[in-house]
Amino acid sequence: MSLVRRLAVDVTPLRDNIAFRWLFIGQAVSVAGTQVTQVAIPLQIYQLTHSSLDVGLVGLAALVPLLVFGLWGGAVADAVDRRKLIVITSAGSGAVSTVLVFQAMADLRQVWLLYVCVAVQSAFAALDSPTRRAMLPQLVPGEQVAAANNLYFAVFNFGVIVGPLLAGVLIGAFGFGAAYGFDVVSFSIAFLAVIFRLPSLPVAADAAKAGLASVLEGLAFLRGRHVILMTFALDIVAMVFGMPRALFPALATHQFHGGIETAGYLYAAPAVGALLASLTGGWMSRVHKQGAAVVWAILAWGAAITCFGLSSSLLLGLFFLAVAGAGDTVSAVFRSTILQTAVPDALQGRLSGIFTVVVGGGPRLGDLEAGAAASVAGNAFSVISGGIICIALTLVLSVAVPAFAKYDSRAAKESEPVPVG
């Protein structure tokens, strides 16, 4: 029984804090709908074009708005009431999903419109994500940040599991319009939860105005803080070279001899492992060598992706994707915790904006890299080589910045740069 308690997910932030509880509920409702759309769009594009490269371009369509609005959005999150900003971004994302419903029901068959919707929704998400992340240290005490992050990732991964499965069922039975309609409903529920239950979070009277100077101030904070920079660098390595998501529709058809339902399994499998890691992640709040934990987690991700590329059995492939997802969640929890506990509240939005750009941009660059490599050398080569490169670069960076693997949250000084060696 003691072992079960040590491993079980820590729900203290939900039990102790009403505001965080409602923010969590809104996130829980909307994430499944968001994932349905993120699966439906590449499936619709693949159905229209039968091209993995065209699917990979979805990542490029999302990348530019993510880069621009992620950095600016972080500055906005430090300058305005964060609750009001979430209301705006939720409404905007729901409106984009409504457009997706109409284009599917009208059978417009316009790939460019899908790319435009991806770009606009990416802009709203780039404003929304750093705002939610910046709110977390305001809502829970420092000793609960790791547990709160784990809860966030647990519900996110549950949505990533349910979303692709729902997408496969809804698209297969009712078409793409039904999938996008589900997203509209989920955004509406989350919108109501935030607007009626989340308290106002006004900023300080001397808060910086959202502009270029504010963004540059956030970037300047990173100078000399090599541990924080490593949390960004390692995630870029893992997502750019070890994320074969753009290949899932093609792999489902050609490597695993299935269709849309099989693609749904591939999209969901990493989240299954990630959810299991979160539900048994009570130990994470007791880990202080957080940098070393990130390194080992990303090495596990790269190894699992490599093995996935070598798999010819669907069940074996799903297993390795699940292992990869578990490693990714452990990495994400500790990278988030390092950032949120090492940055002053006045800069949380801007640093969370940088985090959003890295976390959101990496997979989109990975989509483009995976699609391009597959178009040149085949799907299997793209996946296997990406996993190997991920492992190699993680080891190189760990040797280059030994302070990261030695990082101990108990000894970290929030106000001082962390040295390289």
Could you go through the side-chain contact (heavy atoms from CB on, under 4.5 Å) check for V101 and D183 one step at a time? CA-CA 9 Å; V101 171; D183 195 14; over 6 Å; no

I would like to know whether F20 and L151 meet side-chain contact (heavy atoms from CB on, under 4.5 Å); could you show each step before the answer? CA-CA 11 Å; F20 174 76; L151 287 167; 4.1 Å; yes

Do D128 and S90 make a side-chain contact, defined as non-hydrogen atoms from C-beta onward lying under 4.5 Å apart? yes

I'd like to check D328 versus M239 (side-chain heavy atoms, cut-off strictly below 4.5 Å). Are they in contact? yes

Interatomic spacing from CZ in F124 to CZ in F187 - rounded to 0.5 Å: 10.0 Å

Y407 and Q290, any side-chain heavy atoms less than 4.5 Å apart: yes

Residue pair R15 / T12, side-chain heavy-atom distance below 4.5 Å: yes

Side chains of S97 and Q121: any donor to acceptor distance under 3.5 Å? yes

Rounded to the nearest 0.5 Å, how far does CG of L57 lie from OG of S51? 7.5 Å

Could you measure the distance from the CD1 atom of I25 to the CD1 atom of I189? Nearest 0.5 Å is fine. 12.0 Å

Apply side-chain contact (heavy atoms from CB on, under 4.5 Å) to residues F158 and V162 and explain how you reach the verdict. CA-CA 6 Å; F158 178 76; V162 172; 3.6 Å; yes

Between D54 and T49, is there a donor-acceptor pair closer than 3.5 Å when you use the side chain of the first and the backbone of the second? no

If you compare all heavy atoms of A125 against all heavy atoms of P130, which two are closest, and at what distance to 0.1 Å? O-CD, 4.3 Å

Can the ring centroids of Y265 and F248 be said to lie less than 6.0 angstrom from one another? no

side-chain contact (heavy atoms from CB on, under 4.5 Å) evaluation trace for Q103 with L114: CA-CA 9 Å; Q103 66 84 29; L114 293 172; 3.6 Å; yes

For a quick test of reading the model, state the closest non-hydrogen atom pair linking V31 to V155 and the distance between them. CG1-O, 3.5 Å

Can you confirm whether F221 sits close enough to R350 that some side-chain heavy atom of one is under 4.5 Å from a side-chain heavy atom of the other? no

Kindly give the heavy-atom pair with the smallest separation between A297 and G327, and that separation in Å. CB-O, 3.2 Å

With side chains defined as the heavy atoms from C-beta onward, is the minimum distance between S331 and W301 less than 4.5 Å? no

What are the two closest heavy atoms between I305 and G242, and how far apart are they? CG1-O, 3.4 Å

Within a 6.0 Å radius of atom CD1 on I18, are there more than 12 heavy atoms belonging to other residues, nucleotides or ligands? no

Using atom types as modelled and distance alone, determine if a side-chain donor or acceptor of T89 lies under 3.5 Å from a backbone N or O of I86. yes

Got a sec: does the CZ of F24 have more than 12 other heavy atoms crowding it under 6.0 Å? yes

Heavy-atom donor-acceptor pair, T329 side chain to A326 backbone, under 3.5 Å: no

So how far is it from N379 CG to H254 NE2, rounded to the nearest 0.5 Å? 7.0 Å

To the nearest 0.5 Å, atom CG of L395 lies from atom CG of L397 at 9.5 Å

Ignoring hydrogens and angles, tell me if any N or O in the side chain of S382 forms a donor-acceptor pair with the backbone of G378 under 3.5 Å. no

Determine the minimum heavy-atom distance between A104 and G177, stating which atoms define it. CB-N, 3.5 Å

When you compare the side chain of P65 with that of V120, does any pair of heavy atoms fall below 4.5 Å? no

Heavy-atom side-chain contact between L85 and D81 under 4.5 Å: no

Find the distance between CZ (F404) and CD1 (I228) and round it off to the nearest 0.5 Å. 10.5 Å

Smallest heavy-atom separation, V58 atom then V118 atom, equals O-CG1, 3.7 Å

Examine the side chains of Q110 and Y115 and answer whether a donor and an acceptor come within less than 3.5 Å of each other. no

Would you find a donor on one side and an acceptor on the other, under 3.5 Å apart, between the side chain of Q44 and the backbone of I41? no

Would the distance check show the side chain of R82 and the main-chain N or O of T131 forming a donor-acceptor pair, the cut-off being under 3.5 Å? no

